[in-house]
Undergrad: 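Here it is, the structure in full.
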Amino acid sequence: MEVPLALLIGLLTGVATWLMLSRNLIRLLLGFAVLGNAVNLLIFTAGRLTRDVPPLVPLDAEAIEGAFANPLPQALVLTAIVIGFGLLAFALVLAWQAYVRLGTIRTDEMREAEPPGEVKP
Amino acid sequence: MNSLILRAATRVLAPMMLMLSLFLLWRGHNLPGGGFIGGLVATSAIALQGIAFGPEVARRTLVLPPAVLAGVGLVVAVIATLPAGLVELPFFTGLWLKLDLGDGAILPLSTPLLFDIGVFLVVIGGVCAILLALEEDPETDQAGEP
Amino acid sequence: MPGLSGEGHAADEGLEGRFRSGRAVLTVVLAPFVAAGAAPLLVRLLGHRASFVLALVPAASFLWLVARTDEATPGILESTPWVPGLDVALDFSLDGLSLIFSLLISGIGTLIVVYAGGYLKGHPMLGRFFLFLMMFMGAMQGVVLADNVVSLFVFWELTSLASYLLVGFESSKPAARRAALQALLITGTGGLALLAGLLMLANAGGSWRISDLTGAGSWIQDDPLYLPILILVVLGCFTKSAQWPFHSWLPGAMQAPTPVSAYLHSATMVKAGVYLLARLDPALGGSPEWLWILTGIGGLTMLMGVVFALLETDLKLVLAWTTVSALGTLVFLLGPTHEPGAKAAMAFLLVHALYKGALFMAAGNVDHEAGTRDLTKLGGLMRVMPVTFATAALACVSMAGLPLGLGWVAKELIGAAKIALEDEFGITVIAATLTNLMLFCVAAIVAIVPFTGKPTEPAEHAHEAPWSMLAGPVVLSSLGLVFGMAPNLVADSLIAAATTAVMGRKATLDIVLFKAVDWKFLLTLATFAAGAVLFAFWRRSAARWRAALNPTLDRGPDRGYDHAMAGLAALATWQTRIWQPGLLHRYMAASFAVVTLAVAASLARGDVRFNLSFDGGRLIEWAVFAVTAAAGLVAAFATTRLLAVTALGMLGLGVAMIFMLFGAPDLAITQFMVETLVVVILALVLIRLPGFRLSSRSDRPRWLYGSISVGTGAIVTLLLLGVLAEPFDPRLSEWFGATAVPDAFGHNIVNVILVDFRALDTLGEIIVVFAAALSALAAIGIGARARR
Amino acid sequence: MSGWYAAAPLIVAMTTAAATTLAHAMPRTQRALSLAGAFALLAASIALMDAVWRGGMIVVQSSNWDAPFGITLAVDTFGAVMTLIAAITGAACLIFAIPEIEERHRRAWFHPLSHVLLLGVCGAFITGDLFNLYVWFEVMLIASFGLMTIGGTKAQTDGAVKYVALNLVATLLFLLAVGLIYGMTGTLNYADLSRTIPNVGNTGVLTASAMLLMAAFGMKAAVFPLFFWLPAAYHTPLVSVSAVFAGLLTKVGVYALMRAFTLLFTHDVGWTHEILLWVSGLTMITGVLGAAAQSEMRRILSWHIISQIGYMVMGLALYTPLAIVGSVFYLVHHIIVKANLFLIAGVAARLTGSMELKKIGGLYQSAPLLGVLFFIPAFSLAGFPPLSGFWAKLILVRAALEGREWWIAAAALVTGLLTIYSMTKIWGEAFWKPHPEGGEAAAPLAAAPAAMLAPIVTLAAMTIVIGLFAQPFWIVAERAAAEMLDPTVYAAAVLGGLP
């Protein structure tokens, strides 16, 4: 199922890009969330898919008999999920604060740091 | 949300979820679970409390301010990296102390477990800090400049 | 490090033998820097009298140098390591050429320091002034004594920097600030060209020592890089020595206090370019390019400078323009690379430094005591300022080239040089003669106009300057007279020695003060006469000339500088508007587009195989994929918040299911929990943002953003399929499976990785969670809440 | 046991972050802990530098699992130098912050976040594992998000939105690249990667993944055309925050680029490094022109970060021993100088009331010592001899000329000239020009707290020392470059006898 999954990841990436190009900050952050999911899936897939058993050694054994799912990408993705969550949570709070302070969530109306037309020699 | 049902359910659910989170933490080394998942379950319990009874109640459950709780967790996690130095092993090396409780039952105490407890606390403290800040009344806490 | 050691050193073994390990020349260079550091303190302690203490430093150097005149012809070489890794050493060489410059720097420097003490007496920033001035003095000594391309450049740039600070000394005047910047930018431009040129030269020659580069003959002219090197070096020298069209900064630099004008902008710094041309003459000179560039630009500058001098009313500017002219003359004389030219250049260098230094100081006295230096307002100062008048008149004798002054000697030598050049450039003789004629006129103006006639209003309040301000002009102008009458005092020891260094072979000088009444002598007399006539005309109609000529002739390059500055600002603003419009969506679009294109282009750079194998799959898998894809599409095009949040939740759930289906229960649980929390937080945030729809209507240009999105998605799919075509290396996974239980005592391999094998990642991860919480609190500004 | 030298900076920074959190309710204790932590970090990084210098590369297999299975901490000369310089910058900016930050800033977790930031920076320099690098990048990033917003002005919020949004993209690009590279090689350890990457058959995909990594690091380093986030945000936060950002954050990106494109991806230098060369030239020119268009001190300085990043990338792109030395030297010089310039801008604004050049002036009269302190880093930045920046530029220009890359040498020189233009603009306006509101409007230097001046003086002194006594620094940079250019030594040190 790698090929369909690759296509799905591509689709999600495209969708996320589209969202991130939005002038609406909330849509942008939705895009980040979607892209995060796409990238996590990609790492997971890049470690090769398997329908074999999960990487849990039976409690009475020293090692798993036969093939098992690749545990390393799982650990990486787990870390990435958490980090992505931390970043997203902060970004959402920031979006709220942007609304409180600037009165808008549209990024093309946020012109405080680089005011339009003020670039003069 | 002042739903009676929610409050009643929370009264039962929250303690159970907290117990569950400890269980997940404990078994994580051998079965699905671990400090992070456990922490998230505990966080959900506290978030639920916050929604049902208000953030103040949730803060009381946490005892410490959430950010400080996360700091405590970080201290615990950092401490777990150090004992290896006492026995001249590299940074973060896992050390195991298997306590024989009699009857063949063995209680394995280890720095990885200590570390996982740190993870557990940081997750609870950190995520609760954000959630509770968001649950609080937005009108009263605009401390920043206009 | 390959290529860093100078193999060229071995090429000239005779040179090595001359190196001394002493530190004497180094001391000459560094002592002024030490004095510079002490200057503010000295001024605080002694007031303007600090100048006498500070003047001891150049005076001592001067005396030491005078004592070394005999050794200078073979040359003294010194080397002190500095950054050996880069082949940079404080190499110094004292030969005839350095000696004449170094003597001027220390000798005139002594007088200038004393003069400045009088001129700026009581100035609140006198300490700073001496700091900059002494720093300049050391730097200038470094330029003319350095024997290493990099250390030469170091000192070269330091002189520009000191000049910047000194020109802008009266910093509250906008004109001073503009002039300082102009000088810095023009000489800075040339400096960077020079650096490139010197590095290329050193690279081609295989040595960073100038004496190696110049001692090996004109080998460099066969190098394909000769012309670029020549142009770069010449650019550096021309900007520094104010050659057309880079001259405009020099008149501007007259904003500096007069001691600075006298010292930096006539006697020493502006001659650094001339010095370097002379220094590199043995290596670079002798080619047709060298001849054309130097003679052409030098001649043009020489003529232009003196014409503009005639049109000025400000005494200092008159002198400044004649300095430009003199610099042009020096460059002009170095062009032909023959002995008469070099001799004439060295003689004229000495003459000019003496009379121009004296004249500037005299002009400073006039300005200081009469309160103005406007020629139209000055007159009759002779009686109140007799000594100043005498020095100015004496200096002008040299300037005009009249007999008895040293100028006469220089003029004879220039005449000889011109004749040697005549076959190739008849026109230059005419240019040089014209310059002489006009220079005579300018000399007359400077010596006569302010001092004679009826005393004007400023003259009535004026009185003679204090002795500290008279010492300098008196000494310099008298020296001009002494050397003029007894030229053999300097002929061998200075001029011939310097010529020897420039030409790379022994040169001698036979000066005959008066040869015979031949046509050359008659021509000279005719020039004087024509100059006198010109002066008479000037007295009557200078105002009309100025009115007529200034608008047409004046200062093209100066306006060019303004245009260049405005153009730079316009270009900067234009490009910044393009790159940095302040709109996040454009930044995003550019970033995604650039990355996608770069990655796509790279895919074409090598072998690419894709994994297109397909195993059918289970129904449940297809269903989960379809739901996830659908959720993604809905999230992208949802217009209500509820729908978008739900879609995001579904998407997360779908991803969790995929993890579950392919053997990752821990991931699935985590993903599920996290996604729930994301939805909760999202909902809590959205509640606080009333009245906003998730409209995408304004997200234009749609076709462009759409294609960026499709492109990004396609690239990611292709990359992943490419990765999957590569055989997988399972070393790590197998090791984890085999080690988890026996060595790490855990059965959940993923958890063992997280808390043991790669525990450091997890530590970082929880720190992210921890800091995310603090950062969120910081953003809300409710960090105080933690007290409760 | 020497391995603990490598872990010590991380342990110190983590402990300080945690301790300052716990002491949050006790302002004086928190401040003392924060400063103590900063100096402890400095001490740890000095010890690390010393150990590396004397004993060669330090390798720790964290948790005692052999490479490439666990996470390796590997510190060579380059890593140790960067750690040391990060600790110096961190300490300087934290001292400066003491009088700058107000109680509400402190309450907004300034101290813990600062130490988390330093932790992330040091972690990135110390680690020897690609995914672990990602983690440290995120640690640094999330802390920078928080620090960016402390104070909460409108401009800051706007700047933070752009900063956050674009950095989130960079983060995911990085993660994407890590996933792809792992999928092709099956490993994450630098040393292991440097051995396995040449065996990858799908070279187009490999190069494309490298390009993705280059884009991710390039975005962090703020190279053309991915620098948008930097000028949008760097002029908005607290001065001490912007100074530490200006000094360190982009340089972590440069560090990562240098690691990745000396140790890992050298399979197609004709493509990757040629792109880097173009990028570096355009970065220099666009950055310096951007600065020329500004009239606010920190915005000018921010654009100059970009142009200076161009120089560092240029050395990497030229990829000769001399050029790499130039990059290392440039990094060290630049961090010190740029952090200092931001601090000085902060003091200048404090004395005159604004960062806007049009609104200020008169410092030359009122605070001449500040003039000296500004002049040193400003003209060092512009590459004036004999200050530190001169040597950095000299090495790079020489490397370019020796490599016959004429246009990049020309770009480097022109950029130097335009840097002079900008620095003299600040000098002319803020110092020379009289204050537009009259004589008394600019306060004397004594009005600035000593805690603000001490770090400025120290950093300026370092600039002079590097300039006048460049040889020891050259030796260090040369050794760092030599190690970087020989990946087999790195690989052998980490992997030992493994094939």
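Per chain, numbering begins at 1; letters A, B, ... match sequence-line order. Basis for what follows: all heavy atoms, side chains included, without hydrogens, waters or symmetry-related copies. Model, not experiment: these values are computed from the prediction.
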Undergrad: Working note: D87(C) + R398(D), criterion side-chain contact (heavy atoms from CB on, under 4.5 Å); need CA distance, chi angles, decisive distance, verdict.
TA: CA-CA 12 Å; D87(C) 300 333; R398(D) 181 176 171 181; 3.4 Å; yes
Undergrad: Looking at W579(C) versus W303(D), is the centre-to-centre ring distance below 6.0 Å?
TA: no
Undergrad: Ignoring hydrogens and angles, state whether a donor on the side chain of W65(D) or D743(C) is under 3.5 Å from an acceptor on the partner side chain.
TA: no
Undergrad: Minimum heavy-atom separation for S63(D) and D756(C), please, with both atom names.
TA: OG-O, 3.1 Å
Undergrad: Picking from F728(C), F153(C), Y587(C), which has the most non-hydrogen pairs under 4.5 angstrom with chain D?
TA: Y587(C)
Undergrad: Taking every non-hydrogen pair under 4.5 Å, which of L760(C), L225(C), L199(C) racks up the most with chain D?
TA: L760(C)
Undergrad: Are any side-chain N or O atoms of Q575(C) and backbone N or O atoms of T286(D), one a donor and one an acceptor, separated by less than 3.5 Å?
TA: yes
Undergrad: Using a cut-off of under 4.5 Å for heavy-atom pairs, which of T424(D), V169(D), T185(D) has the most such pairs with chain C?
TA: T424(D)
Undergrad: Which of the residues V594(C), L603(C), T739(C) is involved in the greatest number of heavy-atom pairs with chain D at under 4.5 angstrom?
TA: L603(C)
Undergrad: Examine distances only and state if a side-chain atom of E726(C) and a backbone atom of N202(D) form a donor-acceptor pair shorter than 3.5 Å.
TA: yes
Undergrad: Output yes when a side-chain donor or acceptor of E765(C) lies under 3.5 Å from a complementary backbone atom of V135(D), and no otherwise.
TA: no
Undergrad: Based on non-hydrogen pairs under 4.5 Å, which of V88(C), I767(C), L161(C) is most in contact with chain D?
TA: L161(C)
Undergrad: Looking only at heavy atoms, what is the nearest atom pair of M588(C) and L166(D), with distance?
TA: CE-N, 4.0 Å
Undergrad: Do any N or O atoms from the side chain of S775(C) and from the backbone of I142(D) form a donor-acceptor pair under 3.5 angstrom?
TA: yes
Undergrad: For W271(D) and S602(C), which heavy atoms make the closest approach, and how far apart are they?
TA: NE1-OG, 3.0 Å
Undergrad: Describe, in one word, how the ring planes of F69(D) and F736(C) are oriented to each other, choosing from parallel (under 30°), tilted (30 to 60°) and perpendicular (over 60°).
TA: perpendicular
Undergrad: If you count heavy-atom pairs within less than 4.5 Å of chain C, which of L180(D), V116(D), T196(D) leads?
TA: L180(D)
Undergrad: Just verifying a value: how many Å separate T189(C) OG1 and L417(D) CG, rounded to the nearest 0.5 Å?
TA: 4.0 Å
Undergrad: What about W391(D) and W82(C), are their ring centers closer than 6.0 Å?
TA: yes
Undergrad: Look at the side chain of K162(D) and the backbone N and O of G582(C), then say whether any donor-acceptor pair between them is shorter than 3.5 Å.
TA: yes
Undergrad: About how many Å separate CD of E478(D) and CG of L86(C), when rounded to the nearest 0.5 Å?
TA: 9.0 Å
Undergrad: Starting at CG of N199(D), measure out to CG of D729(C) and round the result to the nearest 0.5 Å.
TA: 9.5 Å
Undergrad: L718(C) vs V205(D), test: side-chain contact (heavy atoms from CB on, under 4.5 Å). Steps then yes/no.
TA: CA-CA 9 Å; L718(C) 286 177; V205(D) 181; over 6 Å; no
Undergrad: Less than 4.5 Å apart, any side-chain heavy atom of W432(D) and any of F169(C)?
TA: no
Undergrad: On a heavy-atom basis, which atom in R758(C) and which in N132(D) lie closest, and how many Å separate them?
TA: NH2-N, 3.9 Å
Undergrad: Side chain of Q580(C), backbone of G290(D): donor and acceptor closer than 3.5 Å?
TA: no
Undergrad: Just how far is it from atom CE of M200(C) to atom CH2 of W406(D), taken to the nearest 0.5 Å?
TA: 4.0 Å
Undergrad: Under 4.5 Å, counting heavy-atom pairs only, tell me which of L721(C), V769(C), L724(C), L584(C) racks up the most with chain D.
TA: L584(C)
Undergrad: Report the option among L571(C), L195(C), L568(C), L181(C) that has the most heavy-atom pairs separated by less than 4.5 Å from atoms of chain D.
TA: L568(C)
Undergrad: May I ask you to name which of W136(D), F375(D), F473(D) has the most heavy-atom pairs under 4.5 Å with chain C?
TA: F375(D)
Undergrad: Can you confirm whether or not the ring centre of F384(D) sits under 6.0 Å from the ring centre of W156(C)?
TA: no
Undergrad: Could you check T207(D), L212(D), L176(D) and say which one makes a side-chain contact (heavy atoms from CB on, under 4.5 Å) with V599(C)?
TA: L212(D)
Undergrad: Measure the spacing between CD1 of I578(C) and CG of L289(D) and express it to the nearest 0.5 Å.
TA: 11.5 Å
